[in-house]
Amino acid sequence: MPLAHFDGALAVVTGAGSGFGRAIALALAERGATVLAADIDLPSAERTVTLAKTLGPGGGAYEVDVADAAAMEAFAAEVRQAHRVPDIVVNNAGIAVSGPFLDHGVEDWNRILGVNLWGVIHGSRLFGKQMVERVNALPNKPDKPNFGGHIVNIASAAAFAPTRSLPAYCTTKAGVLMLSECLRAELASSRIGVTAVCPGFASTNIVKNGTFVGGDAAHRERVRARGEKAIRLRRYPAEKVAERVVDAIIKNKAVVPVNFEGHLLHALSRISPASTRLLARIPVQ
């Protein structure tokens, strides 16, 4: 985006009821954007909007299941009708499924693909189309080119490296990364930026709310508890991820690894892919 602030911008953020989504919504609101917070948990989205109003113009809350194609179609249409074409779209909603691949059932795959990958596809397709139509409808002046918009897709450091404990999660996040790269190439001529943001461990509820498969109930709870402890000890706040999202929009960055493990896995995936495959073999006891 050509400006270092978002005065007058309209931003849509999915999964905005908590974690990265809430932090990103508040960061954008603080910089002048009107934020439309979408979440499957409406009261949480409403709380985000209440907080946004203390920082900036505020916005509106919507109850949306990003995995539901019809619901996303209706949501995108309502945004355009009740507001206008958004300038910024952050496809953030995500869930985790952890455990051995052979213990993942079809329902586990359908759920995580629906939220993590299809949710990003729906948001990118529907709002991206609106942005392109807006660009095509406006006259362009050589000295003042139209800003078409910006789409941010929240992937993960898991997009850079495999692991035996997160086969479904890694698969969906790698898909989000590749989708973002493809879409960036396609939409560049319309001056629409696309960024994949890839955080490592950060303070969100994704482990607490995640699904764990394999072993007995006691084993699954031990794995969950260890994951939650690791995130607490990591102490990397969601607000820092939000800062990187804002910077990525301003500078129109393509891929943004976040925090130490994000940068490390990104580097290893490029310099020594074999090392990431060795790391992937480490079991979670």
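Classified by interplanar angle (parallel below 30°, tilted 30° to 60°, perpendicular above 60°), the ring pair Tyr62/His83 is perpendicular. Below 30°, between 30° and 60°, or above 60°: for Trp109 and Phe101 the angle between ring planes is above 60°, a perpendicular geometry.
Side chain of Asp39 to main chain of Ala45: no donor-acceptor pair is present (N/O by atom type, distance under 3.5 Å, no hydrogens or angles). A donor-acceptor contact shorter than 3.5 Å is absent between the side chain of Arg191 and the backbone of Gly148. Looking at Asp68, its side chain never comes within 3.5 Å of a backbone N or O of Asp65 through a donor-acceptor pair. Between the side chain of Asn92 and the main chain of Thr14, a donor-acceptor pair closer than 3.5 Å is present. In this structure a side-chain-to-backbone donor-acceptor pair under 3.5 Å is present from Thr48 to Ser44.
Looking at Asn91 and Ile154, their side chains never come closer than 4.5 Å, going by heavy atoms from C-beta outward. Counting only heavy atoms from C-beta outward, the side chains of Val85 and Met131 approach each other to under 4.5 Å. Side-chain contact between Leu126 and Gln130: absent, with no pair of heavy atoms (C-beta onward) separated by less than 4.5 Å. Contact annotation: the side chain of Glu181 approaches that of Val255 to within less than 4.5 Å [non-hydrogen atoms, C-beta and beyond]. Residues Trp118 and Val66 are not in side-chain contact: their nearest non-hydrogen atoms beyond the backbone lie 4.5 Å or more apart. Looking at heavy atoms from C-beta onward, Asn116 lies in side-chain contact with Ile95 at the 4.5 angstrom threshold. With contacts defined as side-chain heavy-atom distances shorter than 4.5 Å, the pair Pro199/Phe20 qualifies. You'll find the side chain of Phe212 stays beyond 4.5 Å of the side chain of Val97, heavy atoms only.
For Phe201, the CZ atom is loosely surrounded, since the number of other residues' heavy atoms within 6.0 Å does not exceed 12. Taking a 6.0 Å sphere around CD of Glu186, one finds it holds 12 or fewer heavy atoms contributed by other residues, nucleotides or ligands. Enclosure of atom NZ in Lys253 by more than 12 non-hydrogen atoms of other residues, nucleotides or ligands within 6.0 angstrom is indicated. Around atom CZ of Arg47, no more than 12 heavy atoms belonging to other residues, nucleotides or ligands sit under 6.0 Å away. For Arg111, the CZ atom sits in a loose shell: 12 or fewer heavy atoms of surrounding residues, nucleotides or ligands are nearer than 6.0 Å.
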May I have the step-by-step check of salt bridge (Lys or Arg N to Asp or Glu O under 4.0 Å) for Glu221 and Arg224, ending in yes or no?
CA-CA 5 Å; Glu221 285 310 308; Arg224 185 193 304 274; 3.5 Å; yes
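The cluster map of Ile, Leu, Val, Met, Phe, Trp and Tyr, joined by side-chain heavy atoms under 4.5 Å apart, puts Val241 and Leu177 in different clusters. Connection of Met72 to Val132 is established within a shared hydrophobic cluster, with ILVMFWY side chains joined at heavy-atom distances below 4.5 Å, either directly or through further cluster members. Note: the hydrophobic cluster containing Ile192 also contains Val12 (ILVMFWY, side chain heavy atoms under 4.5 Å, direct or indirect links). By the rule that hydrophobic residues join a cluster once side-chain heavy atoms approach within less than 4.5 Å of another member, Ile88 and Val245 end up as members of one cluster. A continuous path of ILVMFWY side-chain contacts below 4.5 Å connects Ile250 to Val152, so both sit in one hydrophobic cluster.
Counting only N and O atoms by type, the side chains of Arg184 and Thr195 include no donor and acceptor under 3.5 Å apart. With 3.5 Å as the limit, one finds a donor-acceptor pair spanning the side chains of Ser180 and Asn153.
Geometrically, Lys129 does not engage Phe127 in a cation-pi contact defined by less than 6.0 Å to the ring centre and at most 45° from the axis.
For the pair Arg244 and Glu239, the salt-bridge criterion is not met [side-chain N within less than 4.0 Å of a carboxylate O]. The residues Asp247 and Lys251 are annotated as salt-bridged, a charged nitrogen and a carboxylate oxygen being separated by less than 4.0 angstrom. With respect to Arg134 and Asp87, a salt bridge is recorded, a charged nitrogen being found less than 4.0 Å from a carboxylate O.
Leu26 contributes atom CG, which lies 6.0 Å from atom CG of Leu55 (distance to the nearest 0.5 angstrom). The distance from the CD1 atom of Ile121 to the CG atom of Leu179 is 6.0 Å, given to the nearest 0.5 Å.
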